[in-house]
Undergrad: 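Before anything else, here's the structure in question.
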Amino acid sequence: MDDRYVLLTGGLGFIGSHTAVELLEAGYSVVIADDLSNSDISVLGRIEAISGRKPVFYQIDVSDRRAVRRVFRAHDISAVIHFAGFKAVGESVSVPVKYYRNNIDSMLSVLEEMDQAGCKRVIFSSSATVYGESNPVPYREDMPAGACSNPYGWTKFMIERILIDKAHAAELKGEDFKATLLRYFNPIGAHPSGLIGEKPNGIPNNLMPYITQVAAGIRPKLSVFGNDYDTPDGTGVRDYIHVVDLAKGHLAALGHIERDESESLNIFNLGTGRGYSVLDVVKAFEKVNGVPVPYEIAPRRAGDLAWSYADASLAEKTLGWKAELGIEEMCRDSWNWQNGPACRGEL
Ligand code: WQD
């Protein structure tokens, strides 16, 4: 054991891979555990190509405690960032038990093996979806979580609860365990190299991958889900955040949880604090990239809210982190990724 590592579960996924790059570039040694169920092994080489450093890789399902134990035995792991999990909202509605089983089991097995190995720092990929349907915008970390609109959201809520209880128990016992919950808003964009980005399986559910596929001629037009919301142009407003900014937020959260001043439980929104409507995003994309995005107005999508955006001030004050990249960079890098050889499978 020559070094201390950070373990990234799900580290070959969209957010995990960008975070791996930022950690490696900042000098951390990285172990990635990923079962490749929704990611591609080629991402590993691309992380290395961008950062010039190689992560250690294990192809394992992190719900498998024995497999996780082998990773902890092989490396001195100082912290875990837990990205692994199923994340398709619609699928979670149709097969909820699969989502609860996978997402909760994987967190529990990681926590149990962290305890066995004496690893005391964990950062969790949570979501703004835990603010549910009843809180007013902008969302603040001290608002009550719950009232999620789908099982995917409830898995995030339940894992938050598990970590809150674990941090509380540790505090009562005077143990040095710390957890940080990062509530992501709407991550889009891609690494400016064009080597890593989001590759949805089949028809995209999320707005930006759908826009890039329409712009590329893969799909004929975007359906805008509702234009009768109580928003300036009637379409839904979201806090889109560039995935590279989001990845840097993890670096800041890791630095914070390693320092004495952090609490046993820390919760941060990772957003920009600014909302854009669906039509704002379409117009920004067309302007920055000079390509048309044909669209039609369609009925509202079940479970969608009119508004979602962060109060991003706590992360700025406590972590010294704030998002730097704007909607133009998000649209430019999403399009650059869509057109690059890595996304098209030519690398
Ligand atoms: C954004 C806006 C849509 C597609 C979801 C999950 C959340 C998180 C991120 C991740 C909304 C509109 C979309 C389309 C459209 N999960 N839209 N046409 O719903 O804010 O968040 O993804 O793992 O938990 O709920 O993101 O990108 O799907 O939608 O008009 O084809 O775009 O109605 O207003 P959402 P989104």
Side-chain angles (χ1 to χ4, degrees), residues 10 13-16 18 38-39 82-93 99 102-103 124-133 137 139 145 147-160 182-189 198-215 218-243 246 269-272 275-285 293-310 327 330-331 334:
F14 177 43
I15 302 169
H18 287 81
N38 192 23
S39 59
H82 183 58
F83 295 102
F86 294 155
K87 60 169 189 175
V89 172
E91 188 187 33
S92 81
V93 175
Y99 270 66
N102 179 71
N103 289 6
F124 173 58
S125 279
S126 191
S127 167
T129 196
V130 301
Y131 288 108
E133 294 170 344
V137 285
Y139 296 142
C148 301
S149 60
N150 56 74
Y152 158 79
W154 281 114
T155 69
K156 296 292 181 192
F157 174 87
M158 288 177 188
I159 294 170
E160 284 203 353
L182 298 179
R183 294 177 175 163
Y184 309 155
F185 281 71
N186 286 59
I188 59 171
E198 184 177 19
K199 205 168 179 181
N201 274 332
I203 302 172
N205 296 309
N206 298 117
L207 180 63
M208 185 53 83
Y210 209 103
I211 288 179
T212 61
Q213 292 196 6
V214 170
I218 299 167
R219 307 195 183 275
K221 55 180 172 258
L222 171 72
S223 294
V224 174
F225 298 142
N227 69 345
D228 56 354
Y229 286 105
D230 185 16
T231 60
D233 65 17
T235 66
V237 171
R238 296 290 181 274
D239 185 338
Y240 297 95
I241 175 167
H242 196 296
V243 66
L246 190 70
N269 287 337
L270 295 184
T272 65
Y276 288 94
S277 74
V278 177
L279 294 181
D280 288 336
V281 177
V282 169
K283 282 178 209 144
F285 188 95
V293 179
Y295 67 85
E296 65 181 1
I297 304 299
R300 290 183 179 193
R301 182 173 67 178
D304 274 352
L305 299 172
W307 295 91
S308 166
Y309 64 92
I327 194 73
M330 299 181 214
C331 291
S334 295

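When a ligand or atom number is given, it counts from 1 through the structure's own listing order.
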Undergrad: Could you tell me the separation between the CD1 atom of Ile327 and the OG1 atom of Thr272, rounded to the nearest 0.5 Å?
TA: 8.5 Å
Undergrad: How long is the gap from NZ on Lys87 to CG on Asn205, to the nearest 0.5 Å?
TA: 10.0 Å
Undergrad: Can you tell if the side chain of Val93 reaches within under 4.5 Å of the side chain of Pro151, non-hydrogen atoms only?
TA: yes
Undergrad: Which protein non-hydrogen atom lies closest to atom 17 (N) of ligand 1, naming both residue and atom, and how far is it?
TA: Phe225 CD1, 3.6 Å
Undergrad: Tell me, which protein residue and heavy-atom name are nearest atom 20 (O) of ligand 1, and how many Å apart are they?
TA: Arg238 NE, 2.6 Å
Undergrad: With heavy atoms of Gly236 as the reference, note each atom of ligand 1 found under 4.0 Å away.
TA: 34 (O)
Undergrad: Where the closest heavy atom to atom 35 (P) of ligand 1 is concerned, which of Asn186, Asn205, Ile15 has it?
TA: Asn186
Undergrad: For atom 12 (C) of ligand 1, which of the options Val278, Asp304, Leu279 provides the nearest non-hydrogen atom?
TA: Val278
Undergrad: Closer than 4.0 Å to some heavy atom of Lys87 - which atoms of ligand 1 meet that?
TA: 23 (O)
Undergrad: Could you tell me the residue and atom name of the protein heavy atom closest to atom 19 (O) of ligand 1, and the distance to it rounded to 0.1 Å?
TA: Arg301 NH2, 2.9 Å
Undergrad: With a cut-off of 4.0 Å, which atoms of ligand 1 are near a heavy atom of Val224?
TA: 30 (O)
Undergrad: To check your reading of the model: name the closest protein heavy atom to atom 36 (P) of ligand 1, its residue, and the distance in Å.
TA: Asn206 ND2, 3.5 Å
Undergrad: Quick one: does ligand 1 sit under 4.0 Å from the side chain of Leu222, the backbone, both or neither, non-hydrogen atoms only?
TA: side chain
Undergrad: Contact between Phe285 and Thr212 at the side-chain level, heavy atoms closer than 4.5 Å - yes or no?
TA: yes
Undergrad: Answer yes or no for Arg238 and Tyr309: cation-pi contact, defined as NZ/CZ to six-membered ring centre under 6.0 Å and angle to ring axis within 45°.
TA: no
Undergrad: Any side-chain donor-acceptor pair under 3.5 Å between Tyr184 and Ser125?
TA: yes
Undergrad: Which residue, Asp280, Thr231, Leu305, forms the side-chain contact (heavy atoms from CB on, under 4.5 Å) with Val237?
TA: Thr231
Undergrad: Heavy atom of Ser308 under 4.0 Å from ligand 1?
TA: no
Undergrad: Heavy atom under 4.0 Å from ligand 1: found in Tyr184's side chain, backbone, both, or neither?
TA: neither
Undergrad: For atom 27 (O) of ligand 1, what's the nearest protein heavy atom and its distance?
TA: Leu207 N, 2.8 Å
Undergrad: Quick one: do the Tyr99 and Glu91 side chains pair a donor with an acceptor below 3.5 Å?
TA: yes
Undergrad: Supply the atom-to-atom distance Ser127 OG to Phe157 CZ, rounded to the nearest 0.5 angstrom.
TA: 13.0 Å
Undergrad: Taking side-chain hydrogen bond (donor to acceptor under 3.5 Å, both in side chains) as the criterion, tell me which of Glu160, Arg183, His82, Lys156 meets it with Ser126.
TA: Glu160
Undergrad: Show which atoms of ligand 1 fall inside a sub-4.0 Å distance from at least one heavy-atom site of Thr129.
TA: 24 (O)
Undergrad: Begin with the C-alpha distance, continue with both residues' side-chain angles, and end with the deciding distance and a verdict on side-chain contact (heavy atoms from CB on, under 4.5 Å) for Asp233 and Asn227.
TA: CA-CA 7 Å; Asp233 65 17; Asn227 69 345; over 6 Å; no
Undergrad: For Ser127, counting its heavy atoms only, list the atoms of ligand 1 lying under 4.0 Å from any of them.
TA: 24 (O)
Undergrad: At a non-hydrogen distance cut-off of under 4.0 Å, which region of Ser223 contacts ligand 1 (side chain, backbone, both, or neither)?
TA: backbone
Undergrad: Identify, for atom 25 (O) of ligand 1, the protein heavy atom at the shortest distance, and state residue, atom and that distance.
TA: Val89 CG2, 3.7 Å
Undergrad: Please confirm whether Met208 comes within less than 3.5 Å of ligand 1 when only nitrogen or oxygen atoms on both sides are compared.
TA: no
Undergrad: Nearest to atom 23 (O) of ligand 1, what protein heavy atom do you find, and at what distance?
TA: Tyr152 OH, 3.2 Å
Undergrad: Does even one non-hydrogen atom of Tyr240 get within less than 4.0 Å of ligand 1?
TA: yes
Undergrad: Nearest 0.5 Å, what's the CD1-CD1 distance between Ile218 and Ile203?
TA: 12.0 Å
